[in-house]
Chemist: 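Handing you a structure now.
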2 protein chains.
Amino acid sequence: MDLIAQKELPESEGADDHELCRAMGHILDRIGDKWTIMAVGALSDGPMRFNAMMRKIGGVSHRMLTLTLRGLEREGLLTRTAYPTIPPKVEYELTDLGRSLIAPLTLLADWAFENRPAMEQARLAYDKEHGGPAK
Amino acid sequence: MDLIAQKELPESEGADDHELCRAMGHILDRIGDKWTIMAVGALSDGPMRFNAMMRKIGGVSHRMLTLTLRGLEREGLLTRTAYPTIPPKVEYELTDLGRSLIAPLTLLADWAFENRPAMEQARLAYDKEHGGPAK
DNA sequence: CGGGATCCTCCAAGATACTG
DNA sequence: CAGTATCTTGGAGGATCCCG
């Protein structure tokens with residue numbers, strides 16, 4: 001996509017545009033999904049235990065949180081530390097890589113916060129003009 | 001989530017945290033999905049026709065592009081202009097609101113671009129340490 | 001050319017229950 | 001408390017065909 005057009009290697013004639021596009025798509029599929037963002041947000045001010053995250057995020061199933069965290073661990077965005085006590089205690093913490101995501105994500109969150117009214121109003125206008133919410 | 005914690009209204013005791021969380025989730029569900037980002041990216045340097053977008057994005061089905069564009073129009077991120085010629089010609093263009101999304105999205109894209117190697121390496125390490133890619 | 005409708009598939013994700 | 005396994009289903013999304 002063009003958002004990264006300026007990053008094309010000079011010698012590659014843009015033929016790899018698709019490559020970059022698809023790579024972006026892949027990464028955005030990962031970091032762009034709801035629970036990932038929630039999880040990174042939850043961990044943004046320090047390590048946290050599994051159930052604490054579940055409560056903090058709210059509305060996420062046990063299973064989905066587990067899968068999301070596995071994925072993030074795999075991508076190197078967070079670390080998982082299990083203390084073999086009874087009962088078990090597992091702490092999750094962002095890595096440097098994960099923390100570096102906070103800044104761009106915060107900007108996006110800011111955008112969302114600031115433009116929520118505009119979007120809602122636009123939606124109302126659209127729904128009024130056309131028949132009903134969707135169709 | 002905490003990414004927007006600093007934006008809590010002073011008088012609301014954080015009870016609306018869930019509200020904000022869910023609102024964020026909703027918006028991120030919209031603007032965070034793959035095709036939306038692709039579409040905004042495609043339109044980031046000027047208006048474009050439907051089929052041109054399809055070619056530029058690549059890998060998107062006719063139907064999904066239509067639905068995505070409808071959604072974006074509804075949220076006020078772009079405008080749709082149909083010229084009743086034969087054959088028909090329809091142009092899509094970002095609104096000011098839509099254009100204001102480019103900046104934060106570019107930052108995210110930059111992050112993705114810069115950290116792609118790190119993520120791939122982390123994934124390889126993870127897969128080597130544990131058995132196989134997923135399980 | 002662009003959009004809608006229809007059909008069909010398939011997988012993401014919730015619920016539940018068991019283990020260490 | 002944390003994780004895994006199994007089952008089930010809703011709906012996202014592709015393919016296809018027809019219309020203006």
Side-chain angles (χ1 to χ4, degrees), chain A residues 22 25-26 28-39 42-43 47-75 78-93 126 129-135, chain B residues 22 25-26 28-39 42-43 47-75 78-93 126 129-135:
Chain A
R22 293 180 54 82
H26 175 250
L28 287 168
D29 263 359
R30 295 274 168 168
I31 65 171
D33 90 290
K34 187 174 170 179
W35 299 135
T36 291
I37 292 184
M38 293 290 198
L43 291 175
M48 221 168 172
R49 299 183 56 173
F50 185 88
N51 275 358
M53 293 187 69
M54 243 187 102
R55 280 189 300 272
K56 177 155 198 169
I57 292 178
V60 62
S61 72
H62 191 156
R63 182 174 166 275
M64 278 317 292
L65 185 54
T66 303
L67 289 177
T68 301
L69 292 172
R70 280 265 173 290
L72 291 177
E73 188 193 358
R74 183 170 180 241
E75 311 276 350
L78 56 78
T79 56
R80 176 183 178 275
T81 315
Y83 302 92
T85 57
I86 291 184
K89 170 180 165 181
V90 180
E91 279 213 330
Y92 292 91
E93 181 170 20
Y126 182 95
E129 188 160 348
H130 306 62
K135 206 240 33 181
Chain B
R22 293 180 54 82
H26 175 248
L28 287 168
D29 262 359
R30 295 273 167 169
I31 64 172
D33 90 289
K34 187 174 170 179
W35 300 134
T36 290
I37 292 184
M38 294 290 198
L43 291 176
M48 221 168 172
R49 298 183 57 172
F50 185 88
N51 275 357
M53 294 187 67
M54 244 189 105
R55 280 189 300 273
K56 176 154 197 169
I57 293 179
V60 63
S61 71
H62 193 156
R63 181 172 165 275
M64 277 318 292
L65 185 54
T66 304
L67 290 177
T68 301
L69 291 172
R70 280 269 172 288
L72 291 178
E73 188 193 359
R74 183 167 180 243
E75 311 277 350
L78 56 78
T79 57
R80 175 183 179 275
T81 314
Y83 301 92
T85 58
I86 291 183
K89 169 178 163 181
V90 181
E91 280 212 329
Y92 293 91
E93 180 169 20
Y126 182 95
E129 188 161 347
H130 306 61
K135 206 238 36 178

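Just so it is clear, the structure is predicted and the values come from calculations on it, not from any experiment. Here is the naming used below: chain letters follow the sequence lines, and residue numbers restart at 1 for every chain.
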Chemist: Within this structure, what is the NZ-to-C1' distance between B:K34 and D:dA12, rounded to whole angstrom?
Modeler: 13 Å
Chemist: Using the test side chain to side chain contact (heavy atoms under 4.5 Å, CB included), find all partners of B:R70 that sit at least two apart in sequence or belong to another chain.
Modeler: A:Y126, B:E73, B:R80
Chemist: What is the distance, rounded to the nearest whole Å, between atom NZ of B:K89 and atom C1' of D:dG20?
Modeler: 19 Å
Chemist: Taking side chain to side chain contact (heavy atoms under 4.5 Å, CB included) as the definition, give me every residue that meets it alongside B:P47, ordered by chain and number, with sequence neighbours left out.
Modeler: B:E91, B:E93
Chemist: How far apart are the closest heavy atoms of B:M54 and B:S61, and which atoms are they?
Modeler: CE-C, 4.1 Å
Chemist: For B:T68, give me all partners under side chain to side chain donor-acceptor pair (under 3.5 Å), at least two apart in sequence or on another chain.
Modeler: none
Chemist: Measure the distance from CZ on B:R49 to P on C:dG3 and round it to the nearest whole Å.
Modeler: 10 Å
Chemist: How long is the line joining CG of B:L65 and P of D:dG13, in whole Å?
Modeler: 13 Å
Chemist: State, with a plain yes or no, whether a side-chain heavy atom of B:W35 is found less than 4.5 Å away from one of B:I57.
Modeler: yes
Chemist: Spell out protein contact along nucleotides 11-20 of chain C as letters: B when the base is contacted, S when just the sugar-phosphate is, - when no protein heavy atom is under 4.0 Å; keep the 5' to 3' order.
Modeler: --BBB----B
Chemist: Taking it one step at a time, do B:V60 and B:M38 satisfy side chain to side chain contact (heavy atoms under 4.5 Å, CB included)?
Modeler: CA-CA 10 Å; B:V60 63; B:M38 294 290 198; over 6 Å; no
Chemist: Of the non-hydrogen atoms in B:I31 and B:I37, which two are nearest, and what is the gap between them?
Modeler: O-CG1, 3.2 Å
Chemist: Can you measure A:Y83 atom OH to D:dG3 atom C1' for me and round it to whole angstrom units?
Modeler: 18 Å
Chemist: Would you say C:dG3 has OP1 or OP2 under 4.0 Å from some side-chain N or O of B:Y92?
Modeler: yes
Chemist: Starting from C1' on C:dG3, measure out to CG on B:N51 and report it in whole angstrom.
Modeler: 11 Å
Chemist: Roughly what angle, to 10°, lies between the helix axis at the start of the helix from C:dC1-D:dG20 to C:dG20-D:dC1 and the one at its end, five pairs per end?
Modeler: 40°
Chemist: Given atom CD of B:E73 and atom P of C:dG2, what is their separation to the nearest angstrom?
Modeler: 15 Å
Chemist: Using whole Å, report how far CD1 of A:I86 lies from P of D:dA2.
Modeler: 14 Å
Chemist: Just to verify, what does A:F50 make a ring pair (Phe, Tyr, Trp, His ring centres under 6.0 Å) with, not counting sequence neighbours?
Modeler: A:H62
Chemist: With A:E75, which residues qualify under salt bridge (charged side-chain N to carboxylate O under 4.0 Å, His left out), at least two apart?
Modeler: A:R30, B:R123
